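One structure is given below, encoded as structure tokens.
Ligands are counted one by one from 1 in listed order, and the atoms in each one are counted from 1 as well. This one's a predicted model, so the numbers in the text were calculated from it and none came from an experiment.
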Amino acid sequence: MNTTPPARRGRPVVGIVGSRGAYGRWLSRFFQRTMGLEVVGRDPVGDTRLEARELIEAADILLFAAPIRSTVSVIDDYVALADGIERGRLWLDVTSIKQAPVEALLRSRADVAGLHPMAAPPKVETLKGRVMAVCPARVTSWRPWLDDFLAATQAECVEVDPAHHDRAMALVQGLVHAGHMAQARVLRELAPDIGGLPALHPLRTVGFGLDLAVTERMLAGNPGIYEDIQFDNPHVLPMLERLLASVEALRDCVREGGPHARARLRRDLLSDSSTFFGAKALAAGSHAFERMGYLMADLEAPEYLSVFLPEDRPGSLRVLLGIFERHGVNLDSIHSSRSPEGELHFRIGIGQAQARRLAPDTWQALCADIQEEGVGRIVGGSRPAGTSG
Ligand SMILES: NC(=O)c1ccc[n+]([C@@H]2O[C@H](COP(=O)([O-])OP(=O)(O)OC[C@H]3O[C@@H](n4cnc5c(N)ncnc54)[C@H](O)[C@@H]3O)[C@@H](O)[C@H]2O)c1
Ligand SMILES: O=C(O)C(=O)C[C@]1(C(=O)O)C=C[C@@H](O)C=C1
């Protein structure tokens, strides 16, 4: 055991409570690879080399990444075990709820900041493109380190009061999750009678596609998170009462039928809300919806080639596009996209009409040139019908 007081060591050691969980593993890699720090951890499932007290002693920075439902009691146990030696160190958590965990952290004598990365651990090394709520509840000497760490995550960091965070999350997460859990149940109950989900796909709208993606993302994820956010954020229950009242009001209008009920629906569930959102937001949201529609259509179009460009340098995309030009293949769409494994690539759509017209072997020759000229690695695509390759 290293007996040097951690604060006197040059590079802080990071301790992760819940080191084998989804965020624990992602953060361990992040601290080691991106920040070059030593990481120690503890997790009842698979990381028990250090006892809790030993972890506390070893870590200059202790980060709690335990399940939401047990975080407060885990922090309280660590505060009791630390018994004051945490003074001068930094304790963090990444719980999706902030008030109770931050209050528990503040019962220690450490510097304290609550964090909430507002996305599942990504497949890539940073949180670029994601929001992270930051509650710097008691940060003194660790401020420069915390700022460097937050900058290294590349997240869009937003400082927020823990209580405000939880009220906002009842709407940002609780409402969205509740709506989609309810949608999933209704689909499960009603869709089988008309051929199941596959029968709905050909008849999809943009809105259905977007909602289905959220629903399926949730159902594919860790159910404990969605359960705990509903049960453990105290602002969720009042939100659920409102959600239920709104759906009941809609149902009552439809059940009643007739012009009065229609007027009520239009006023109560549409026009009053339009006024609340405001014309500017509605125009922006409407445009975002249209863009998502085009994007989803492009990303689902079956005639495409996905190419990973290994040379991360200016001009490599131009070289790739030059090969398409040489073979007389016009681009219908081009997107910088990511595979399910997180690999960045360019997805080039060529459109159905052109795919039908393509001379035999053109596709094969184009693919061969991309590989043979070392321009890029083809990571996906579908050969247009009638061509070879
Ligand atoms: N996964 C996400 O989408 C996501 C996003 C943002 C924030 N978070 C937050 O991150 C935290 C962890 O979430 P996760 O997705 O990694 O969950 P997870 O269930 O994958 O991991 C939690 C880990 O904590 C361990 N654990 C339980 N009790 C422990 C204890 N007493 N001591 C040490 N370890 C203990 C578990 O064995 C598990 O490995 C949660 O608070 C969650 O709200 C998760
Ligand atoms: O799956 C994702 O990427 C998520 O965004 C997960 C999600 C969410 O759905 O709200 C779930 C819990 C976390 O607190 C943050 C985000």
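Of the polar atoms of Ala119, none of the N or O atoms is found under 3.5 Å from an N or O of ligand 2, judged by distance alone.
Atoms of ligand 1 lying under 4.0 Å from any heavy atom of Ala22, numbered from 1 in the order shown and given with element: 15 (O), 16 (O), 18 (P), 20 (O), 21 (O). Each of the atoms 12 (C) of ligand 2 lies under 4.0 Å from some heavy atom of Ile225. Residue Tyr226 has at least one heavy-atom neighbour below 4.0 Å for each of these atoms of ligand 2: 6 (C), 9 (O). Atom numbering of ligand 2 starts at 1 in the shown order; those under 4.0 Å from a heavy atom of Gln173 are 7 (C), 8 (C), 10 (O), 11 (C), 12 (C), 13 (C), 14 (O), 15 (C), 16 (C). Below 4.0 Å from some heavy atom of Arg42 lie the following atoms of ligand 1, by number and element: 33 (C), 34 (N). Contact atoms of ligand 2 toward Arg217: 1 (O), 2 (C), 3 (O) (distance under 4.0 Å to a heavy atom of the residue). Near Pro121, the atoms of ligand 1 lying under 4.0 angstrom from a non-hydrogen atom of the residue are 1 (N), 2 (C). The contact set between ligand 1 and Ala119, taken as ligand atoms under 4.0 Å from a residue heavy atom, comprises 5 (C), 6 (C). Atoms of ligand 1 found under 4.0 Å from any heavy atom of Val17 (numbered from 1 in listed order, with element): 32 (N), 33 (C). Taking every non-hydrogen atom of Ser96 and a distance limit under 4.0 Å, the qualifying atoms of ligand 2 come out as 13 (C), 14 (O). Interface of His177 with ligand 2, defined as ligand atoms under 4.0 Å from a residue heavy atom, comprises 8 (C), 9 (O), 10 (O). Near Ala120, meaning under 4.0 Å from any of its heavy atoms, are these atoms of ligand 2: 1 (O), 2 (C), 3 (O), 4 (C), 6 (C). The Ile225 neighbourhood of ligand 1 comprises atoms 1 (N), 2 (C), 4 (C), 15 (O), 42 (C), 44 (C), with distances under 4.0 Å to a heavy atom of that residue. Atoms of ligand 1 lying under 4.0 Å from any heavy atom of Val45, numbered from 1 in the order shown and given with element: 37 (O). Near Pro117, meaning under 4.0 Å from any of its heavy atoms, are these atoms of ligand 1: 5 (C), 6 (C), 7 (C).
Judged by distance alone, with hydrogens and angles left aside, the side-chain atoms of Arg89 form a donor-acceptor pair with the main-chain N or O of Ala59 at under 3.5 Å. Looking at Asp332, its side chain never comes within 3.5 Å of a backbone N or O of Gly349 through a donor-acceptor pair.
Heavy-atom separations between His116 and ligand 2 include at least one value shorter than 4.0 Å. Using a 4.0 angstrom heavy-atom cutoff, Met169 does not count as in contact with ligand 2.
Comment: Arg185 engages Glu189 in a salt bridge, judged by a side-chain N to carboxylate O separation of less than 4.0 angstrom. Salt bridge annotation for Lys98-Asp93: present, with a cationic side-chain nitrogen under 4.0 angstrom from a carboxylate oxygen.
Residue contacts with ligand 1 for Val74 involve side-chain atoms from C-beta outward but no N, CA, C or O (heavy atoms, distance under 4.0 Å). The side chain of Asn222, and not its backbone, has at least one atom closer than 4.0 Å to an atom of ligand 1 (non-hydrogen atoms only; side chain from C-beta on). Contact annotation: for Met118 versus ligand 1, there are no heavy atoms closer than 4.0 Å. By the criterion of a heavy-atom distance under 4.0 Å, neither the backbone nor the side chain of Asp77 is placed next to ligand 1. Neither the backbone nor the side chain of Met218 comes within contact range of ligand 2; no heavy atom lies under 4.0 Å.
Residue, atom and distance of the protein heavy atom nearest to atom 12 (C) of ligand 1 are Ala65 O, 3.4 Å. Here the protein heavy atom with the shortest distance to atom 9 (C) of ligand 1 is Val94 O, 3.1 Å. Atom 29 (C) of ligand 1 has its closest protein heavy atom at Pro44 CD, 3.6 Å. From the protein, the heavy atom lying nearest to atom 3 (O) of ligand 1 is Ala120 CA, 3.2 Å. The protein non-hydrogen atom at the shortest distance from atom 24 (O) of ligand 1 is Pro67 CD, 3.4 Å. Scanning the protein heavy atoms around atom 21 (O) of ligand 1, the nearest turns out to be Gly21 CA, 3.1 Å. Tyr23 N, 2.8 Å is the protein heavy atom nearest to atom 16 (O) of ligand 1.
Leu212 CG to Leu219 CG: the interatomic distance, rounded to the nearest 0.5 Å, is 9.0 Å. From Glu325, atom CD reaches atom CG of Leu366 across 12.0 Å, with rounding to the nearest 0.5 Å.
Among Thr48, Ile56, Leu62, Asp47, the one residue that satisfies the side-chain contact (heavy atoms from CB on, under 4.5 Å) test with Arg42 is Thr48. Considering Leu305, Asn330, Leu358 as possible partners of Ile350, the one that fulfils the side-chain contact (heavy atoms from CB on, under 4.5 Å) test is Leu358.
In this comparison of Gly224, Pro122, Ser96, Ala66, the heavy atom closest to atom 41 (O) of ligand 1 sits on Ala66. Among Asp43, Ile16, Leu27, the residue whose heavy atom lies closest to atom 38 (C) of ligand 1 is Asp43.
No more than 12 heavy atoms of other residues, nucleotides or ligands shown are found within 6.0 angstrom of CD on Gln352. A 6.0 Å sphere centred on CZ of Phe308 holds more than 12 heavy atoms belonging to other residues, nucleotides or ligands. Counting heavy atoms of neighbouring residues, nucleotides and ligands inside a 6.0 Å radius, atom CZ of Arg251 exceeds 12 of them. For Arg217, the CZ atom counts as loosely surrounded, since its 6.0 Å shell holds 12 or fewer non-hydrogen atoms of other residues, nucleotides or ligands. Counting heavy-atom neighbours within 6.0 Å of Arg53 CZ, excluding the residue itself, gives a total above 12. A 6.0 Å sphere centred on CZ of Arg167 holds no more than 12 heavy atoms belonging to other residues, nucleotides or ligands.
When only modelled atom types and interatomic distance are considered, Gln183 and Asp211 share a side-chain donor-acceptor pair under 3.5 Å. At a cut-off of 3.5 Å, with distance as the only test, no side-chain donor of Asp43 or Ser19 sits close to an acceptor on the other residue.
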Test side chain to side chain contact (heavy atoms under 4.5 Å, CB included) on Glu227 and Arg69 and set out the steps.
-> CA-CA 9 Å; Glu227 176 189 323; Arg69 71 187 76 175; 3.3 Å; yes
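Between Trp145 and Phe149, the ring planes are parallel. Angles under 30° get that label, and only those over 60° would be called perpendicular.
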